[in-house]
Enquirer: 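Take this structure first; my questions come after.
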Amino acid sequence: MIIYLLIVLAAALLYALMSAFMKMAVTVGDASAVFVARYLFASATLIPIYFASNRPTVRTVHLRWHLLRGAIGFCMFLLYTLALERIPLQNAMVLNSSYILFVPLLLLIFMRQQPAKGALAGLVIGFAGIVIVSRARAHVFLDWGSLFALGSALASASATVLVAHLRRTDSSFAVLFYFFNTCLLLSVAWALGTGHPLSIGSWWIISAIGALTAIYQLMLTYALKHLSSVLASSVMTSSVVFGFVLDAMLFHHSASMRDYLGSSLILIGVLVTLWASHRTVVAEDELATGDLPKKEAAMQ
């Protein structure tokens, strides 16, 4: 298991590095080209996944939901890019990673599903961290960069809820296929409408973003074959730590104690919420299969 955890950790590093290059790209290049490169390379990763997964089908009866998820994913990436343009790298990353905190709220609002036991504490801790981080560099309650980052987190949470619904009937490959290709089409349309000629110096950054996207996606997909999604998601939160390091190395930004405190609270809240929800799901599955009474009897 250690090797797969290390693979996820490496994927987290590459995700943080990709985010750093995105921050560079919006200042020296064209943001619309970043969108196209990221999803062009991401779509290319589907080719080895397709053959490694025994050529799964992409037929679906929920095409509109796939298209909606793709549109939400594109909005998520657009908002994340706008956030990177306006606030420090690590702040954008940690606010974006808070999407886990929004998932129980969306399930409560739209599906009347009560948050798991223990998740409430995680939500309180996490949102306290959001308040601290989002005010770190603003003289008002929320600056535009923080709003864009939180909008990205909310969009990501919405996409996560849709994925949970789609995976009940469609394969994981089909979910990725429609997501990447819908985002790619929207990115091309956006680039045609807003793009401008790229400078020579920005080409390597654009290419690096696409390549890093493809590599970390493949690594994460491979690791998820051997690890639970909850454990992998927990390790992926380390990308925020790498974000702090890269922000200092590449952009010479020194994080304040408020940044460290708020980010720590957000990550603690995310982990508590993630594992509390996981325990509830496992307990419900055991109760449905009759395993829970057996375990209780064994303990007695």
Side-chain angles (χ1 to χ4, degrees), residues 2-29 31 34 38 41 76-77 79-101 125-126 129-130 132-138 143 145-146 148-150 152-153 156 201-202 204-220 223 227 231-271 274:
I2 298 297
I3 184 64
Y4 304 118
L5 291 175
L6 291 175
I7 290 174
V8 177
L9 191 64
L13 172 59
L14 295 183
Y15 175 77
L17 191 58
M18 179 207 70
S19 297
F21 282 139
M22 284 171 55
K23 188 172 181 65
M24 292 181 186
V26 296
T27 57
V28 302
V34 175
R38 186 174 193 268
F41 277 78
M76 173 191 68
F77 189 61
L79 291 169
Y80 186 48
T81 303
L82 292 173
L84 286 168
E85 189 176 6
R86 289 164 172 80
I87 59 177
L89 174 64
Q90 87 272 346
N91 285 14
M93 290 187 65
V94 74
L95 289 175
N96 182 66
S97 69
S98 68
Y99 77 92
I100 293 293
L101 303 173
I125 295 171
I130 287 176
I132 294 173
V133 171
S134 60
R135 296 184 63 183
R137 292 176 59 83
D143 56 72
S146 296
F148 288 139
L150 290 174
S152 174
S156 184
S202 64
W204 77 269
I205 300 178
I206 303 297
S207 300
I209 292 170
L212 288 170
T213 297
I215 295 171
Y216 99 77
Q217 288 282 358
L218 285 171
M219 293 174 70
L220 195 55
L227 299 174
L231 183 56
S233 298
S234 300
V235 177
M236 276 297 293
T237 60
S238 63
S239 62
V240 175
V241 179
F242 294 124
F244 273 88
V245 176
L246 291 172
D247 208 12
M249 291 176 58
L250 300 177
F251 304 104
H252 309 292
H253 174 260
S254 299
S256 65
M257 286 303 299
R258 188 173 219 169
D259 292 325
Y260 287 119
L261 175 61
S263 298
S264 297
L265 290 176
I266 290 174
L267 294 182
I268 291 171
V270 165
L271 293 175
L274 196 62

Enquirer: Give me each pair satisfying side chain to side chain donor-acceptor pair (under 3.5 Å) with a member in residues 232-245, each pair once, sequence neighbours excluded.
Expert: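 Qualifying pairs, neighbours excluded: Ser234-Trp275.
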Enquirer: Closest heavy-atom contact between Phe148 and Leu82?
Expert: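 Residues Phe148 and Leu82, closest heavy atoms: CD1-CB, 3.7 Å.
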Enquirer: Checking Asp247 side chain against Leu89 main chain: does a donor-acceptor pair fall under 3.5 Å?
Expert: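 Indeed, once roles are kept as given, a pair shorter than 3.5 Å links the two residues.
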Enquirer: What is the minimum heavy-atom distance between Met76 and Ser156, and which atoms define it?
Expert: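 So the minimum-distance heavy-atom pair works out to SD-CB, 3.3 Å.
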Enquirer: Rounded to the nearest 0.5 Å, what separates atom CG in Leu261 from atom CD1 in Ile266?
Expert: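 If I round to the nearest 0.5 Å, the distance is 10.0 Å.
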Enquirer: Say you draw a straight line from CG of Asn91 to NE2 of His253; how long is it, rounded to the nearest 0.5 Å?
Expert: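 Asn91 CG to His253 NE2: 6.5 Å, rounded to 0.5 Å.
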Enquirer: Looking only at non-hydrogen atoms, find the nearest pair between His252 and Met249 and report the distance.
Expert: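 Taking His252 first and Met249 second, the nearest heavy atoms are CE1-O, 3.8 Å.
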Enquirer: Walk me through whether Leu95 and Val133 qualify under side-chain contact (heavy atoms from CB on, under 4.5 Å).
Expert: CA-CA 8 Å; Leu95 289 175; Val133 171; 3.9 Å; yes
Enquirer: Rounded to the nearest 0.5 Å, how far apart are CE of Met257 and OG of Ser264?
Expert: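 Interatomic distance, Met257 CE to Ser264 OG, rounded to 0.5 Å: 8.5 Å.
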Enquirer: Roughly how far, to the nearest 0.5 Å, is the OG1 atom of Thr213 from the CE atom of Met22?
Expert: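 Atom-to-atom, Met22:CE and Thr213:OG1 are 8.0 Å apart.
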Enquirer: Please round to the nearest 0.5 Å and tell me the distance separating atom NZ of Lys23 and atom CE of Met18.
Expert: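 Nearest 0.5 Å value for the NZ-CE distance: 13.5 Å.
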Enquirer: About how many Å separate CD1 of Ile130 and CD1 of Ile125, when rounded to the nearest 0.5 Å?
Expert: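 Output value for this atom pair is 12.5 Å.
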Enquirer: Please report the closest heavy-atom contact between Ala16 and Phe242, naming both atoms and the distance.
Expert: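 Taking every non-hydrogen atom into account, CB-CB, 3.7 Å.
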Enquirer: side-chain contact (heavy atoms from CB on, under 4.5 Å) for Arg86 and Asp143? Distances and angles first, verdict last.
Expert: CA-CA 9 Å; Arg86 289 164 172 80; Asp143 56 72; 5.8 Å; no
Enquirer: Would you please test Leu231 and Val8 for side-chain contact (heavy atoms from CB on, under 4.5 Å) and show each step?
Expert: CA-CA 10 Å; Leu231 183 56; Val8 177; over 6 Å; no
Enquirer: Should Val94 and Phe244 count as side-chain neighbours, where that means a heavy-atom distance under 4.5 Å?
Expert: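 Not in contact.
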Enquirer: Restricting to side chain to side chain contact (heavy atoms under 4.5 Å, CB included), what partner residues turn up for Ala92, sequence neighbours left out?
Expert: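 Listed in chain order: Tyr80, Ala83, Leu84, Ile87.
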Enquirer: Apply side-chain contact (heavy atoms from CB on, under 4.5 Å) to residues Met24 and Phe251 and explain how you reach the verdict.
Expert: CA-CA 9 Å; Met24 292 181 186; Phe251 304 104; 4.0 Å; yes
Enquirer: For Met93 versus Ser19, what's the shortest heavy-atom pair and its separation?
Expert: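 Minimum heavy-atom contact is SD-CB, 4.2 Å.
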Enquirer: Relative to each other, are the rings of Tyr216 and Tyr15 parallel, tilted or perpendicular (30° and 60° limits)?
Expert: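 Answer is perpendicular, since the angle exceeds 60°.
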Enquirer: Under the rule for side chain to side chain donor-acceptor pair (under 3.5 Å), what residues qualify as partners of Ser152, not counting sequence neighbours?
Expert: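 Only Asn96 meet the side chain to side chain donor-acceptor pair (under 3.5 Å) criterion with Ser152.
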Enquirer: Heavy atoms only: give me the nearest Ala25-Val34 pair and the separation to one decimal.
Expert: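 Minimum heavy-atom separation between Ala25 and Val34: CB-CG2, 3.5 Å.
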Enquirer: Check whether any side-chain N or O of Ser207 sits under 3.5 Å from a backbone N or O of Trp204 as a donor-acceptor pair, and report yes or no.
Expert: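 No: the side chain of Ser207 does not pair with the backbone of Trp204.
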